[in-house]
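Below is one structure; the comments refer to it alone.
Read the numbers this way: they start at 1 and go in the same order the structure lists the ligands and their atoms. Because only heavy atoms are used, hydrogens play no part in the values below, and waters and symmetry mates are left out as well, while side chains stay in.
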Amino acid sequence: MKTSVIGFPRIGADRELKKASEAFFAGKATAEQLDAAARAIRAEAWRLQKEAGISLIPSGDFSFYDNMLDVAFALGAVPERYRALSLPPLETYFAMARGYQGPAGDVRALPMKKWFNTNYHYIVPELSDDTALKFDIAKWQDEYEEAKELGVETVPAVIGPYTFLRLARFTGSRTAADFADAAGAAFADFVHDMRLATDAARFSFAEPALVLDTSEDDLALLRRVYAPVLRAAHRTVGGERFARVALQTYFGDLRDSWSVVSKMGFDAIGMDFVEGRERNLALLADGSFPDDAELIAGVVCGKNIWRTNYLKTANELISQIVRHVPAERVALSPSCSLLHVPWTVESETKLPRDVLKWMAFAVEKLDEVRDLAYMHTGLNGVLGYDPWDANVKLFYNDRVEPDAEVRAAVAALAEGDFERVPAFAERERVQRARLALPKFPTTTIGSFPQTKDVRAARAALGRGEMSAADYESFVRGKIERCIRKQEEIGLDVLVHGEYERNDMVEYFGDNLDGFVFTEKAWVQSYGTRCVKPPIVWGDIRRKAPITVKWSAFAQSLTKKPVKGMLTGPVTILNWSFPREDLSLREQTLQIALAIRAEVLDLEKAGIGIVQIDEAALREKLPLRREDWRREYLDWAIPAFRLVHSGVKPETQIHTHMCYSEFNDIIRDIDAMDADVITFEASRADLKILDALKAAEFRTEVGPGVYDIHSPRVPSVDEIVAAVRKMMTKVDPAKLWINPDCGLKTRGEPETEASLRNLVAAARILRGE
Ligand code: GLN
Ligand code: ZN
């Protein structure tokens, strides 16, 4: 049985690419030095894959920033404003990725969007009516040759034309369909040119967009873009097929495109049997897998960091696959690009062996794919094969002892635990009487600028150079200063500033039982930005109150209400690596119970307003609309309600989201049953407000009145105008005035100036 890899992380084992790119951006390294760093990373990735015995190793999966951008750039889809800078190619590429400000001009970056249901972000290609698509294969040719020189035969891999067009943005009157023939011809040239320029004869086209909801029009687009590609590949030259084309899908199943995909004549089809397991197996079961094609079967999870259970995978999954496609035609692979997991477990020096032995990052997953293929081939001979024995032994026992109390608490949850009483309208009345806030109450989202001294103090505490007592008094000093400043500015609902937090998820993970943290398990989020997600290891329990002392201290300093600040359970889970031995629902409920205890303790300590951030609620919405409710919202929304359902009617619950694209789940957002929700609206065109109105949204709202992602200070007039616009759509009595997200990344001077203008705007509006 063969093995295949879709893509390998390109940031490097120690984030070498990040470091080299940042040096290049800062003018401290040359393009040659950056290129050398990239070569070293690629060489290492190929070496590891070859050493692991992978049969189909990709090339071209590397990227200086993003693979969608690579394709756009290679196709010549470079908008005129970037061309006009007349920069060298690599710098033009980076200008599209990051924007450019310098002697050649001033342009903003292309927008970025989340890549399917991952935490990775891609650059959205922009096509205007006069964009001509023509494929320049240089990147793929170079990387193929580079691997070959290192003795590694590779399969050039590229994001395919269908996904490219479905995710692109069209600025003129031409649509994806209008570009279909041009894109098809360009990708046909890719096959043709690569085949002649190199000795590669097999190519892989990634089409993850096939796991999205797919309409008849989409299927027509798919047929049109691939007809020329397959025609170019399937010519007979010298009695042989000119080239072979693999269609690689991932992140889900092909439920609504299979009837077309299976008949198009691809030489290989890659399917995801982890995220798309049930439906993709069902598609094979009806015998429709093409007789002459190869199946690349994703059987090792490419998105999570746990070891694969060999016995289970072999007996319950691979055995089913080979019942429908003979093993000689099957290649095993990870379920998606390994880009979404860290490089290697070997870099971790602090976690105990007993924990690490359960983890598999990119390098380890190569071995897993190889072992599974090897085991299948030599099925009767695997006894005594060490990795197999070790794996079977590993899964022989449960990973961790369940926390009986936590399990019982989750099991005992009853419907009433998810319902807050009294109903919203009654609470609104009680809270208005208690809080006596002015019209258009002003507030912030929680964090204040994390200035150098804050980060330095935390680092010193971490290194043991600052005592816990000194750190504590340092943070208290910051809080006091922050409260005084907010009072002076004249805000109505104050915050303590979140100085004690490194990150809104990590901070809670750190203070809850059940999480573990790594040192170098970085995953690319976009470009040079990497994240190191906490890992859910065991059952989650709150050891002791987490935020209460900070909030209570802040409240003791002022007569104005201070909001308690918490991160919600869905966001904590969505920004972590979850367990695989317990359902997501159950893990979320465990976290919800922990945060619920914190909410109740805050209330007891005299905190009258508690904000529970759900910055990432939308992120794990399933890719198919028909799965939204059953697979996600049906438990995610109740989990949020569980967090706050125990508070008194007079305690006001806020929530915050970092985006405003929730038109399509607006009723679910209202069903979170918070009293106030703040969200990002300043960059969007306020379309969300129409949707709020149409849905008769009852939760009070604070659509951000200015963009905190830029240091720009909004003027009073601008804020007044923004709020006036909002007032035409939202009942003014329900309107809050606040920035669109936390102020953590901002500097103090612009923060203070912006908030002063915000308060001045509220005062003007109240006078009307
Ligand atoms: N309360 C958090 C803060 O202000 C919210 C951050 C976020 O939504 N990303 O930093
Ligand atoms: Zn936010």
Check your understanding: What atoms of ligand 1 come within less than 4.0 Å of a heavy atom belonging to Ala615?
Key -> 8 (O)
Point to revise | Nearest non-hydrogen protein atom, atom 9 (N) of ligand 1 | key: Cys658 SG, 3.3 Å
Revision key, fill the gap. A student checking ligand 1 against His656 at a 4.0 Å heavy-atom cut-off should list atoms 8 (O)
Check your understanding: Hey, is Lys734 close enough to Glu428 for a salt bridge, meaning N to O under 4.0 Å?
Key -> yes
Review point. Under 3.5 Å between some N or O of ligand 1 and some N or O of Ser447?
Key: yes
Practice item. List every atom of ligand 1 that sits less than 4.0 Å from any heavy atom of Cys741, numbering the atoms from 1 in the order shown and giving each element. Key: 7 (C), 8 (O), 9 (N)
Review point. Taking only heavy atoms of Met504, which atoms of ligand 1 are found under 4.0 Å from at least one of them?
Key: 6 (C), 7 (C), 9 (N)
Exercise for review: Could you tell me whether some N/O pair between Lys744 and ligand 1 is separated by less than 3.5 angstrom?
Suggested key: no
Point to revise | Residue Gly742 vicinity, atoms of ligand 1 by number, heavy atom under 4.0 Å | key: 3 (C), 4 (O), 10 (O)
Exercise for review: Taking all heavy atoms of Arg766 and all of Lys439, pick out the closest pair and write down the distance.
Suggested key: NE-O, 2.6 Å
Review point. Between Met657 and ligand 1, which part of the residue brings a heavy atom under 4.0 Å of the ligand: side chain, backbone, both or neither?
Key: neither
Review point. How long is the gap from CG on Leu437 to CZ on Arg434, to the nearest 0.5 Å?
Key: 10.5 Å
Point to revise | salt_bridge(Glu696, Arg667) N-O dist < 4.0 Å | key: no
**Study point:** For Thr571 against Leu617, the heavy-atom pair lying closest together
**Key:** OG1-N, 3.9 Å
Point to revise | Ring geometry between Phe251 and Phe116 (parallel below 30°, tilted from 30 to 60°, perpendicular above 60°) | key: tilted
Revision key, fill the gap. Near Gly446 (heavy-atom distance under 4.0 Å), the atoms of ligand 1 are 4 (O)
Point to revise | His656: its N/O/S atom lying closest to the Zn ion (ligand 2) (atom name) | key: NE2
Review point. Looking at Glu748 and Lys485, does any basic side-chain N land under 4.0 Å from a carboxylate oxygen?
Key: no
Point to revise | Arg427 with Glu650: basic N within carboxylate O range, under 4.0 Å | key: no
Point to revise | Check: Asp613 N/O within less than 3.5 Å of ligand 1 N/O | key: yes
Check your understanding: Do the charged groups of Lys113 and Glu661 touch, with an N to O distance under 4.0 Å?
Key -> no
Check your understanding: So is there a nitrogen or oxygen of Met565 less than 3.5 Å from a nitrogen or oxygen in ligand 1?
Key -> no
